[in-house]
Amino acid sequence: MHKPDERGYFGEFGGRWVPEVLVKPLADVEAAMSEAFADPSFWDEFHGLLSEYVGRPSPITTAKRFAQPRSATIVFKREDLNHTGAHKVNNTIGQALLAKRMGKTHLIAETGAGQHGVAVATIGAKLGLPVDVYMGAVDVERQALNVYVMRLLGATVHEVTGGTQTLKDATNEAFRVWASQCDDTFYVIGSVVGAHPYPFMVREFQRIIGDEVRVQCQGKFGRLPSDIIACVGGGSNAMGIFTAFIDDRNVNLWGVEAAGKGLNTPENAAALAAGSIGVLHGSRSYLLQTNEGQVRPTHSVSAGLDYPGVGPEHAFLKDSGRAKYVAVTDAEAIAAFKACASMEGIIPALESAHALAYAEKLAKERGEEALIVVNLSGRGDKDVTQIEKAEAEAMFTEAVPA
Amino acid sequence: MATALDEAFAKAKKDDRCALIGYVVAGDPDMETSRAVIDAVVEAGVDIVELGIPYGDPLADGPTIAAGSQRAIASGATIDGVMRLVGQTKAPVLLFTYINPILQYGLEKFAMGAKRYGAVGVIIPDVPLEELDPIREVIRKNGLIMPMLVSPTTPDERMRKIASDSEGFTYLVSRLGVTGAKDAPDTSAVRAQLEKLRKMTGRPIAAGFGISKAPHIVAVRDYADGVIVGSAIVDAYASAKGAPNAAAAATRLVRLLRLACKRAPAAAASAT
Ligand SMILES: Cc1ncc(COP(=O)(O)O)c(C=O)c1O
């Protein structure tokens, strides 16, 4: 197993770049995590909830029509079928169980698209732990449905009005709140980002995705995949599906970032493809920033990918060449979203549609023997109004020639 | 070698008061106002200026300083611009910023520039002990000091280590959480922390985060060598329109704070 070093570094990425007030709370989480990870009863409870409550294992589905004509086999890993509709729930259950074990009585979380917030609100309701969710004001508006759902589940949603009013600022706020309430509060981070031990811990809760894919591909195809593709916001669904295959050098790993309106414009969210090394939210990784070291505003049609940083392990996999990172534009993702819906009868999350768009390209390059697994990280109910709006705008622009 | 910082603490001690360290966001809301405010706080009695290099994602700061940083960035503040402000300031200056702007600017270039413009040192709150050594090596090599923070969550052993590593003074974070003037600090808890720290270090100790009013200073001045006031000063100048008003508002507040720093004669003997 690939672990970060004792200071939380994957190569030169990671660490714990936080104000002193957060050092002890992070060390406490790390100690509790190590102890829980070594305790089979912790994993029994985790896997019990994953099967009874979430509905795992999630199936794999061979996509027969998507990306035709082509010769490669494309398989979807169906995280969209999880309870709450995304991979996020795997991690939140793990962290919430850890919080309980530590005797914490309160959960806080940041959210962008709202999927992580919904997952935390859900497990908070299930375990009887009050939940406060921090969400940028812009996202509160674009993801109104998820805000309503979180409130139904009993969570308190706090609108964050500082900075760019999106996920980055919601994360800042959650860290600040944690600093003042760390005695009784557990901070449930939604991706493989943040200070050590979060990137490692979240990966270990998400690795179930790849562990299942391994068994499922062996069972159904008698071999491992040739390629694995996942979208990368912070990078948790990608690390979740990559981890089981890191040592299998002939399995190609592809992370797909959001190119937004294009990598040659400032309106993207591709930290690995268009960023440089820096420190954000407690860890050293790639980051979209100005040459004054200010974090740059980002854009993606998909709120879940609209984050200027990326998990440190991805930075390590990129620099070591083990995984390849590519980027897909808003328009390409929307096209793949629609193709998947109409050809496979699956409405994918816009985040996952980025992975699908790249799968389409790759399937055309690869020969008949290729077995491409795409992580369908979530379902797209939350995105249909966004798509409708984008369509209407596109029609409008077409109707009015420049 | 005694730095300007040591001299400022020594002078305050001689006057039977705790030193007043005033924080301002450089370039907030613009360079011209900022220059006027800095001059005003020094004139009104701030012994040491803590000059914040604006950063858009400050994890150790509350809404007041975060908003000040946003204003400064929006009006075009740059690290080079802040360096020039250092050069024009009459009191010793400590820079305060986060690690990302420094790394992006270039650590070595940053340290050389800060020294050249006359800064005494730099406080980087998101560089804890574990990440300190390679950063401090460069800062030190360029003749600057790095004061370090201890917080209410810091265990005793770690506190001892930080206090012995900290240069210039030890910065006691006086409450759980981030900077801000909204909630009053628990001053009796701060006093207890100061007494504990006192046994761990012979160097000066200053308390900050939440200290925003004269009564807070009165409550801790016999136990601390210095107090750090940030958000209250930013609030004072930020609500004034135009450079002269901003400077006047900052002056009024700092005069009051400075008066509060003077120890009562009876207590003076128990101070360090
Ligand atoms: C369905 C879905 N996929 C992917 C992501 C991106 O996150 P990560 O890269 O951590 O998997 C999100 C985030 O909200 C999401 O909701």
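So you know, we letter chains A, B, ... as the sequences are listed, proteins then strands, and number each from 1.
- Contact annotation for B:Ile162: only side-chain heavy atoms (C-beta onward) come within less than 4.5 Å of a heavy atom of chain A.
- Taking all atoms of both residues into account, the shortest heavy-atom contact from B:Tyr55 to A:Val279 is OH-O, 3.9 Å.
- With A:Gln294 contributing its side chain and B:Gly56 its backbone, the two residues share a donor-acceptor pair below 3.5 Å.
- If you measure heavy-atom distances from B:Pro63 to chain A, you find no contacts under 4.5 Å at all.
- Contact annotation for B:Ile124: neither backbone nor side-chain heavy atoms come within less than 4.5 Å of a heavy atom of chain A.
- Remark: A:Glu35 CD is packed, more than 12 non-hydrogen atoms of other residues, nucleotides or ligands lying under 6.0 Å away.
- Under the 3.5 Å distance criterion, the side-chain polar atoms of A:Glu20 are left unmatched by any main-chain donor or acceptor of B:Thr154.
- The environment of B:Gln88 atom CD is dense: over 12 non-hydrogen atoms of other residues, nucleotides or ligands sit within 6.0 angstrom.
- Remark: B:Glu137 CD is loosely packed, at most 12 non-hydrogen atoms of other residues, nucleotides or ligands lying under 6.0 Å away.
- Annotation: the span from A:Arg7 atom CZ to B:Glu130 atom CD amounts to 8.0 Å, rounded to 0.5 Å.
- In terms of modelled atom types and a separation under 3.5 Å, the side chain of A:Arg176 and the main chain of B:Asp61 share a donor-acceptor contact.
- The greatest number of non-hydrogen atom pairs below 4.5 Å with chain A, out of B:Asp57, B:Ile79, B:Leu149, B:Val178, is found for B:Asp57.
- The environment of A:Met102 atom CE is dense: over 12 non-hydrogen atoms of other residues, nucleotides or ligands sit within 6.0 angstrom.
- There is a side-chain donor-acceptor pair under 3.5 Å between B:Asn100 and A:Gln289.
- Residue B:Ile135 touches chain A through its side chain alone, counting heavy-atom pairs closer than 4.5 Å.
- Proximity to chain A (any heavy atom under 4.5 Å) is restricted, for B:Arg158, to the side chain, taken from C-beta onward.
- Distance check: B:Gln104 CD to A:Ser276 OG gives 4.5 Å after rounding to the nearest 0.5 Å.
- Only the backbone of A:Ile277 has a heavy atom closer than 4.5 Å to any heavy atom of chain B.
- Residue contact with chain A, scored on non-hydrogen atoms closer than 4.5 Å, involves the side chain of B:Leu103 exclusively.
- Not a single donor-acceptor pair under 3.5 Å links the side chain of B:Gln70 to the backbone N or O of A:Gly162.
- Using a 4.5 Å cut-off between heavy atoms, B:Ile99 contacts chain A through its side chain alone, with no backbone atom that close.
- With B:Thr153 contributing its side chain and A:Val21 its backbone, the two residues share a donor-acceptor pair below 3.5 Å.
- Per-residue heavy-atom pair counts under 4.5 Å with chain B were compared for A:Ala179, A:Gly282, A:Gly8, and the maximum is reached by A:Ala179.
- Distance check: A:Arg284 CZ to B:Glu131 CD gives 9.5 Å after rounding to the nearest 0.5 Å.
- B:Pro128 touches chain A through backbone and side chain together, each having a heavy atom under 4.5 Å away.
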